[in-house]
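Labels below follow one simple rule: chain letters A, B, ... track the order of the sequence lines, proteins then strands, and each chain is numbered from 1.
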Amino acid sequence: MDNKEYAKILEEIATLTRVVGDSFFRVRAFSRAARLIEDLSQPVDELVDARRLDLIDGIGESIEEELVMIRMTGSSPRHQELLDRIGRDVMELWEIPGLGIKRIQLLYQEYGIASVAKLKEAILANKLLNAPHFGPSIQDKLLDEISGWERGRGRRYPLPEAKALAESLRLQILENPDVKRAEIGGSIRRGKETIGDIDILVTSSHAAAVSSWFRGLPEVIEVIQEGDTRSSVRVTNEIQCDLRILDEHLFGAGLHYFTGSKDHHIQMRLRSKKLGLKISEKGVTLYDDKSETPIGPMDTEEEVFAAVGMQYVPPEIRMGKDEIRLGEAHSIPKLVERSDLTCDPHVFTDLSLGRQAPGEFFEACLAAGYSTVVLAEKGTLSGKGVRPGDFENYLARVRKLDESFAELKVVAGLDVEILENGLLDFDLRLLAKLDWVVARMGKEVSDEAEENTQRVMWGIETGLVSCLAHPTGRHLGVDSGYPLYFDEVLACARDFGTALEMSGNPQELDLNAVLARKAREAGVDLVVASGAGHVMGLSQVEYALQQARRAWLEPKDILNTLPFREMVGRTRVLLNR
DNA sequence: GCCGTTTTCGGCCCGACTGTTTTCAGTCG
Ligand SMILES: Nc1nc2c(ncn2[C@H]2C[C@H](O)[C@@H](COP(=O)(O)OP(=O)(O)OP(=O)(O)O)O2)c(=O)[nH]1
Ligand SMILES: [Mg+2]
Ligand SMILES: [Mg+2]
């Protein structure tokens, strides 16, 4: 069974338990365990079999037992029993903003309301007039939220889409002269693949004025919350945007707070509390200090971590897990950053299917600090792109470009599909002449993991593939890719010296952090690439880098932190022999 | 339910906004 499915069952147990009114902390334990499992690179199946689940902080005897049971029988008795007793539809109620533990328990226990549809009926039939905590304005709000819910309002957005909108809002906010700084926080800054809302931290000495000005921006379609130091609104296409405004000297504390995650804060605050230090967006203070004066400067996040004796923790790994312990011991490794990259190993230009000429990319590559760029142009036997007949001409053109631009090494590569018979969609002898060959699953993908796995492995086994692109075939926010036995592909890639690509292509973001971690643990090399077909797209590599950091990858784990010659030497073991 | 450089029992993050509420509970970030 998939880790996602284990996580789902635990989360549902948490949600259902809340309805019947169990201890808040027991519920939170189940919910946290669900999140822990979702971010695990090792399959729960394996952990159960090896009896190693209890090594995970936050999973104890009961939850381990639960997982073992699921592993053995395919389902959890506790989960089944809860579902049978109160039904699946109650869980919808948690998706309605304004409904929390008290109101849902009241609805269920006093009124037998166990679905959104029943709640709507009850409100419209005035059945809740005497219910405590259900005054008239709450009921109006609930009706509105229910209609939003029916239109699918609460959905999560792909990171790139949300980030683009967030950036444009941030720039507008910065135009207000009262605003000192504005920074995107929340799950966008942590690089989560999907985003629930946009969180922006602002500093200003006129918080209330900024807050109310923000609520009046043209793209604001609805105000959800209006305070002097925070506002919450809905902007175009229904996405929610939260603004928190603090004094300038609290920028570091505020950004740390608004970046999260929630679990990171709970764990950080718990530990600091034992030292007598209170952490909040107001900085690090002493619990008994009524004036809430920070114990040191809080302008930067580094200072916040330092104030509680910790090393700086990069946003992407703030999950409330190992980063707390390691941060305290000052032993968090230096994770990979853009400045570590020597090369963008995957761009394509109008030499094949791209929109811009190769020359237009070069200045931007230099500005990014690269010494090399690989043109991974689409290669094909019969489709659109570079054909075998164009091969010599293509090489000659790239050689000329390379010579004309002394500071940047321009490499002729190709990006080819793996055909149904496992061969590559190009003349194999020609591919052997290239320093860098990207391959990817071609068309007519099977529903059977067996067949897809075999096909990808045959492709790799040609010995010609430097790098496997778009390994899972997933499209972010659309589909989860083709069925595949990923472990087998990893073993094959390791044996043949094929790297796996982490692409910043916003439609793909593939590999993601969990699978990248898995690849790393299997001894497979990784590259981080933009996958860009236009100059502006070069910066997309930052999405891939965020996934890499979420996987705790260091420069040494990423092939394109090496000089290009060494990248070539580390890949395609058959050719290098 | 989980956990332990003060604990194997007794805690479990902290603050802002809203209106259910007129001294505070509920929800949310
Ligand atoms: N201390 C504390 N901070 C919180 C809590 N909930 C949220 N925050 C902080 C950390 C979050 O990253 C930040 C933004 O909250 P969000 O609800 O928008 O969550 P986040 O952006 O992490 O994920 P999302 O994709 O929006 O669901 O606010 C909480 O319960 N306690
Ligand atoms: Mg958020
Ligand atoms: Mg938010």
Side-chain angles (χ1 to χ4, degrees), chain A residues 10 13-14 17-18 22-34 36 53-67 78 93-94 96-107 128-142 145 154 185-187 196-201 207-208 211 215 223-233 240-246 250 253-285 287 292 308-309 320 324-325 328-329:
Chain A
L10 292 185
I13 291 177
T17 316
R18 251 186 292 236
D22 208 336
S23 138
F24 166 79
F25 296 103
R26 184 176 304 147
V27 168
R28 192 163 82 181
F30 271 98
S31 180
R32 170 153 186 253
L36 288 170
L53 270 172
D54 59 328
L55 294 183
I56 300 170
D57 256 5
I59 293 182
E61 223 173 299
S62 292
I63 293 181
E64 175 175 12
E65 208 172 286
E66 211 63 47
L67 294 171
R78 186 197 297 247
L93 292 172
W94 294 99
I96 307 293
L99 289 185
I101 185 144
K102 293 288 163 168
R103 292 195 184 111
I104 289 179
Q105 281 181 10
L106 189 96
L107 287 175
L128 297 179
L129 290 185
N130 298 321
H133 305 300
F134 276 92
S137 45
I138 280 285
Q139 298 205 30
D140 286 349
K141 179 177 139 65
L142 286 177
E145 293 290 358
S187 47
D197 68 355
I198 294 171
D199 304 289
I200 301 180
L201 186 275
S211 189
R215 298 190 297 267
V223 175
I224 301 166
Q225 215 181 45
E226 42 188 322
D228 287 348
T229 65
R230 76 182 309 153
S231 278
S232 204
V233 303
Q240 181 175 328
C241 180
D242 296 333
L243 207 72
R244 179 79 167 95
I245 306 123
L246 291 164
L250 290 174
L255 186 58
H256 178 241
Y257 156 69
F258 227 21
T259 298
S261 67
K262 173 180 164 178
D263 286 329
H264 171 78
H265 287 317
I266 292 178
Q267 300 305 320
M268 285 273 293
R269 291 170 182 202
L270 206 58
R271 290 196 90 107
S272 297
K273 194 174 192 173
K274 293 176 187 162
L275 307 172
L277 298 172
K278 182 167 72 168
I279 306 179
S280 78
E281 59 265 50
K282 311 227 171 117
V284 178
T285 57
Y287 275 92
E292 298 196 304
V308 294
I324 309 293
R325 188 171 42 81
E328 216 170 41

Within this structure, what is the CG-to-C1' distance between A:L201 and B:dA16, rounded to whole angstrom?
14 Å
Measure CZ/A:F24 against P/B:dG11 and give the value in whole Å, please.
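These atoms are roughly 17 Å apart.
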When the [atom1] atoms of [M] and [N] are compared, how many Å lie between them, rounded to an integer?
{"N": "B:dG11", "M": "B:dA16", "atom1": "C1'", "answer": "25 Å"}
{"N": "B:dC28", "M": "B:dT20", "atom1": "P", "answer": "15 Å"}
{"N": "B:dT21", "M": "B:dA25", "atom1": "C1'", "answer": "8 Å"}
{"N": "B:dC13", "M": "B:dG29", "atom1": "C1'", "answer": "12 Å"}
{"N": "B:dC12", "M": "B:dT7", "atom1": "C1'", "answer": "13 Å"}
{"N": "B:dG26", "M": "B:dT22", "atom1": "P", "answer": "12 Å"}
{"N": "B:dC2", "M": "B:dT8", "atom1": "C1'", "answer": "12 Å"}

Footprint string (nucleotides 19-29 of chain B, 5' to 3'): B base within contact, S backbone only, - free, heavy atoms under 4.0 Å:
SB----SSSSB
With sugar-phosphate taken as primed atoms, P, OP1 and OP2 and all else as base, the protein-contact string of nucleotides 2-7 of chain B at under 4.0 Å (heavy atoms; B, S, -) is SS----
If we ignore angles and hydrogens, is there a donor and acceptor under 3.5 Å between the side chains of A:S211 and A:R230?
no
Evaluate the ring planes of A:H265 and A:Y257, with Trp represented by its six-membered ring, and classify them as parallel (under 30°), tilted (30 to 60°) or perpendicular (over 60°).
parallel
Report the residues that fulfil salt bridge (Lys or Arg N to Asp or Glu O under 4.0 Å) with A:D57, sequence neighbours left out, ordered by chain and then residue number.
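None.
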When you match A:I224 and A:I266 each to their closest nucleotide on DNA chain B, which lands nearer the 5' end?
A:I266
Residues that A:Q267 engages under side chain to side chain contact (heavy atoms under 4.5 Å, CB included), provided they are two or more places apart
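A:Q267 satisfies side chain to side chain contact (heavy atoms under 4.5 Å, CB included) with A:R32, A:L270, A:I324 only.
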Contacts of A:L106 that satisfy side chain to side chain contact (heavy atoms under 4.5 Å, CB included) - sequence neighbours left out
A:E110, A:Y111, A:A131, A:P132, A:F134
Would you mind pulling out the nucleotide paired to B:dG15, Watson-Crick or G-U wobble, both distances under 3.5 Å?
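Partner of B:dG15: B:dC28.
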How about CD on A:E65, more than 12 heavy atoms from neighbouring residues, nucleotides or ligands closer than 6.0 Å, or not?
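No, CD of A:E65 has 12 or fewer neighbouring heavy atoms, counting only those of other groups under 6.0 Å.
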CD1 of A:I13 to CZ of A:R26, rounded to nearest 0.5 Å, is 12.0 Å
Go through the steps for A:L250 and A:E281 under the test side chain to side chain contact (heavy atoms under 4.5 Å, CB included), then give the verdict.
CA-CA 7 Å; A:L250 290 174; A:E281 59 265 50; over 6 Å; no
Among residues two or more places apart or on two chains, list those pairs meeting salt bridge (Lys or Arg N to Asp or Glu O under 4.0 Å) that have a residue in residues 265-274 of chain A.
A:R271-A:E328
With syn defined as a glycosidic angle within 90° of 0 and anti as everything else, classify B:dT7.
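That one's syn.
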